[in-house]
Amino acid sequence: MDCIFCRIIKGEIPSYTVYEDDTVKAFLDINPDTNGHLLIIPKEHFKDLDSTNDTVLLHIFEVARSLKKKLEEQLHIDGLTLIQNNGEVQEVKHFHLHLKPYYKEEQSLMKVEDVHSLLTK
Ligand code: 5GP
Ligand code: ZN
């Protein structure tokens with residue numbers, strides 16, 4: 001199976017990882033809507049919401065909560081939208097949760113290296 005997110009987990013494709021443990025990995029979206037746009041994925045391949053399990057879902061949201069704090073501290077976000085696409089609107093068929101920061105004032109997009117170093121402090 002050729003899954004781009006499984007390849008990221010295996011390290012075959014590089015990613016700007018901001019958090020990782022035995023169950024999940026969180027990294028910067030390659031095409032960010034705003035500074036600090038993150039994806040959290042389970043290490044096990046689940047296609048979508050129907051195929052995940054409750055333990056993994058709970059852990060993904062625990063990690064989302066801690067990364068929200070990080071985004072507030074390091075990027076001074078004014079809000080955060082969580083999105084999880086399924087079916088026709090899901091481009092990558094490996095379950096992922098988007099964390100999309102909101103800023104009251106429009107921000108120019110920072111270099112990914114700079115966002116990454118702030119979020120891994
Ligand atoms: P969705 O499946 O929820 O529609 O969106 C998939 C997301 O994955 C998109 O926001 C896209 O920019 C991101 N994405 C796709 N391929 C890669 C990749 O190789 N690396 C990273 N970091 N993000 C990716
Ligand atoms: Zn996968």
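Starting from 1, each residue takes its place in the sequence as its number. Both counts, for ligands and for their atoms, begin at 1 and track the order of listing.
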Q) So is Y16 in contact with ligand 1, going by heavy-atom distances below 4.0 Å? A) no
Q) At a non-hydrogen distance cut-off of under 4.0 Å, which region of F27 contacts ligand 1 (side chain, backbone, both, or neither)? A) side chain
Q | S15, any N or O under 3.5 Å of ligand 1 N or O | A | no
Q. Considering only protein heavy atoms, which is closest to atom 19 (O) of ligand 1, and at what distance to one decimal place?
A. I4 CD1, 3.7 Å
Q: May I ask whether L97 and I83 are part of the same hydrophobic cluster, defined by side-chain heavy atoms of I, L, V, M, F, W, Y residues being less than 4.5 angstrom apart, directly or through others?
A: no
**Q.** Nearest-contact summary for atom 2 (O) of ligand 1 - protein heavy atom, Å
**A.** E91 N, 2.7 Å
Q. Side chains of H116 and E113: is there a donor and an acceptor less than 3.5 Å apart?
A. no
Q.
Under 4.0 Å, heavy-atom basis, I'd like to know which part of N85 is in contact with ligand 1: side chain, backbone, both or neither.
A. side chain
Q. Between the candidates V92, L28, D48, which shows the shortest non-hydrogen contact distance to atom 15 (C) of ligand 1?
A. V92
Q) Is any N or O atom of I30, backbone or side chain, closer than 3.5 Å to an N or O atom of ligand 1? A) yes
(Q) Tell me whether the count of non-hydrogen atoms from other residues, nucleotides or ligands lying under 6.0 Å of CG in D21 goes above 12. (A) yes
Q.
Using a 4.0 Å heavy-atom cut-off, which part of H98 comes near ligand 1: side chain, backbone, both, or neither?
A. side chain
Q) Does ligand 1 have a heavy atom under 4.0 Å from the side chain of L39, from its backbone, from both, or from neither? A) side chain
Q.
Can you confirm whether L38 sits close enough to L119 that some side-chain heavy atom of one is under 4.5 Å from a side-chain heavy atom of the other?
A. yes
Q: Please tell me if the side chains of L109 and N35 come closer than 4.5 Å, counting only heavy atoms from C-beta onward.
A: yes
Q: Select the closest option to atom 13 (C) of ligand 1 among T17, D29, N86, judged by heavy-atom distance.
A: D29
Q. Is D33 near ligand 1, meaning one of its heavy atoms is under 4.0 Å from it?
A. no
Q) For I8, is the nearest heavy atom under 4.0 Å from an atom of ligand 1? A) yes
(Q) Looking at every non-hydrogen atom in both residues, tell me the closest pair between L49 and Q84 and how far apart they are. (A) CB-OE1, 3.6 Å
Q) What do we get for F95 next to ligand 1 when only non-hydrogen atoms under 4.0 Å count, side chain, backbone, both or neither? A) neither
Q) Is H96 close to ligand 1, meaning an N/O of one under 3.5 Å from an N/O of the other? A) yes
Q: List, by chain and then residue number, the residues other than I4 in its hydrophobic cluster (Ile/Leu/Val/Met/Phe/Trp/Tyr, side-chain heavy atoms under 4.5 Å); write none if there are no others.
A: F5, I8, I9, I13, F27, L39, I41, V92
